[in-house]
Amino acid sequence: MIPVIALDGPAASGKGTLARRLAEAFDLAYLDTGSLYRAVGARLLAEGADPQDGEVAAGAAEALSPSDLQRPDLRSQAVGAAASVVAAQPRVRQALLDFQRNFAAQPPDGLAGAVLDGRDIGTVVCPDAPVKIYVVASPEVRAERRHRELIARGESSIYPQVLAEIRERDARDSARSTAPLKPADDAVLLDTSELDIEAAFEAAKRIVVEKLAAAKAE
Ligand code: DC
């Protein structure tokens, strides 16, 4: 049994921070799968291409190189929005699937397992993962977190606009026909609306310990 932790949830739910910290705590590799979609979106924006164009988006996903994952603009709002658009294209998802599955099956640096965070890790990428956590928080709480994060990075941010974008992104990520955002049947729901990062991390750690023990006992 490879200890794979699938951490899914909507935009700005805090899953990235949790995933990174879980990887560190359990000595596992970490893959932010959103960065793959963001890299495709960023490439298209940089080339002046239309993220809605499925053909061009699929070409960009197939040609993705490790240097694209290091782009400095990956976390911007514009790139996030473009990522959400390209993520609705089945060919883009297919092109990125093998990379994600290989990462989980053969974690880099000789590590025993991996944490992957995204939207469809528990449902599509790693349906057999022994640990699946679906992180949720209200749209208002998520918008507030994202707003503060943008301000702290020195970007301009207007709260009502961030909230509207979060709602738009939720709708697009949930409504797409290929691998929509939804919890796997066997995922544990973790609502972080009322939790600070430490409390959320402790709760996530408990879920991981319990689920890994259950998987080992099987
Ligand atoms: O988690 P994030 O904000 O970095 O993700 C950016 C976009 O990528 C998001 O709107 C939906 C898409 N995405 C996806 O469809 N599947 C994943 N596994 C990860 C991200």
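Atoms within each ligand, like the ligands themselves, are counted from 1 in listed order.
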Just heavy atoms, cut-off under 4.0 Å: does Arg176 contact ligand 1 by side chain, backbone, both, or neither? side chain
For atom 12 (C) of ligand 1, closest protein heavy-atom neighbour: Ala87 CB, 3.6 Å
Identity and separation of the nearest protein heavy atom to atom 7 (C) of ligand 1: Ala83 CB, 3.7 Å
For Gly118, counting its heavy atoms only, list the atoms of ligand 1 lying under 4.0 Å from any of them. 17 (C), 18 (N), 19 (C)
To check your reading of the model: name the closest protein heavy atom to atom 8 (O) of ligand 1, its residue, and the distance in Å. Tyr37 CB, 3.4 Å
So, the side chain of Arg93 versus the backbone of Ala87: is there a donor-acceptor pair under 3.5 Å, distance only? yes
What protein heavy atom sits nearest atom 16 (N) of ligand 1, and how far away is it? Arg93 NH2, 3.0 Å
Report, in ascending order of atom number, the atoms of ligand 1 lying under 4.0 Å from any heavy atom of Gly34. 4 (O), 5 (O), 19 (C), 20 (C)
Before signing off on this row, confirm whether Arg146 and ligand 1 have an N or O atom pair separated by under 3.5 Å. no
Does any N/O atom on Asp120 come nearer than 3.5 Å to any N/O atom on ligand 1? yes
For residues 142-152, which side-chain donor-acceptor pairs fall under 3.5 Å, sequence neighbours excluded?
{"unit_1": "Arg142", "atom_1": "NE", "unit_2": "Ala137", "atom_2": "O", "d": "2.9"}
{"unit_1": "Arg142", "atom_1": "NH1", "unit_2": "Ala11", "atom_2": "O", "d": "2.9"}
{"unit_1": "Arg142", "atom_1": "NH1", "unit_2": "Asp170", "atom_2": "OD1", "d": "3.2"}
{"unit_1": "Arg142", "atom_1": "NH1", "unit_2": "Asp170", "atom_2": "OD2", "d": "3.4"}
{"unit_1": "Arg142", "atom_1": "NH2", "unit_2": "Asp170", "atom_2": "OD2", "d": "2.6"}
{"unit_1": "Glu144", "atom_1": "OE2", "unit_2": "Arg148", "atom_2": "NE", "d": "3.4"}
{"unit_1": "Arg145", "atom_1": "NH1", "unit_2": "Ser13", "atom_2": "O", "d": "3.2"}
{"unit_1": "Arg145", "atom_1": "NH1", "unit_2": "Thr192", "atom_2": "OG1", "d": "3.3"}
{"unit_1": "Arg145", "atom_1": "NH2", "unit_2": "Thr192", "atom_2": "O", "d": "2.8"}
{"unit_1": "Arg145", "atom_1": "NH2", "unit_2": "Thr192", "atom_2": "OG1", "d": "3.3"}
{"unit_1": "His147", "atom_1": "ND1", "unit_2": "Ser157", "atom_2": "OG", "d": "2.7"}

Listing, residues 101-115 side-chain donor-acceptor contacts under 3.5 Å, not counting sequence neighbours, or none:
{"unit_1": "Arg101", "atom_1": "NE", "unit_2": "Val125", "atom_2": "O", "d": "3.1"}
{"unit_1": "Arg101", "atom_1": "NH2", "unit_2": "Val124", "atom_2": "O", "d": "2.8"}
{"unit_1": "Asn102", "atom_1": "ND2", "unit_2": "Asp98", "atom_2": "O", "d": "3.3"}

Looking at Asp32 and Arg75, is any side-chain nitrogen of the basic one under 4.0 Å from a carboxylate oxygen of the acidic one? yes
Ligand 1 and Gln100, any nitrogen or oxygen pair closer than 3.5 angstrom? no
When hydrophobic residues are tied together by side-chain contacts of less than 4.5 Å, even through go-betweens, does Phe99 share a cluster with Leu28? no
In the protein, which heavy atom is nearest to atom 3 (O) of ligand 1, and how far is it? Arg38 NH2, 2.9 Å
Do Leu195 and Glu202 make a side-chain contact, defined as non-hydrogen atoms from C-beta onward lying under 4.5 Å apart? no
Ligand 1-proximal atoms of Ala11, by part, heavy-atom distance under 4.0 Å: neither
If the cut-off is 4.0 Å to any non-hydrogen atom of Asp173, which atoms of ligand 1 fall inside it? 9 (C), 10 (O), 11 (C)
Could you check whether Glu47 pairs with Arg43 (Lys NZ or Arg NE/NH1/NH2 to Asp/Glu carboxylate O, under 4.0 Å)? yes
Atoms of ligand 1 under 4.0 Å from any heavy atom of Lys15, numbered from 1 in the order shown, are 1 (O)
Please write down residue, atom name and distance for the protein heavy atom closest to atom 19 (C) of ligand 1. Thr33 OG1, 3.4 Å
Does atom CD of Glu24 have more than 12 heavy-atom neighbours from other groups under 6.0 Å away? no
Check whether Lys132 reaches the backbone of Pro127 with its side chain - one donor and one acceptor, N or O, closer than 3.5 Å. yes
Does the Asp8 side chain pair with the main chain of Gly122, one donor and one acceptor, at a distance under 3.5 Å? yes
Nearest neighbour in protein (non-hydrogen) for atom 10 (O) of ligand 1: Arg169 NH1, 2.8 Å
Can you tell me the protein heavy atom closest to atom 9 (C) of ligand 1 and the distance? Arg119 NH2, 3.3 Å
Would the distance check show the side chain of Gln89 and the main-chain N or O of Pro51 forming a donor-acceptor pair, the cut-off being under 3.5 Å? yes
With heavy atoms and a 4.0 Å threshold, my read on which part of Arg172 contacts ligand 1 is neither
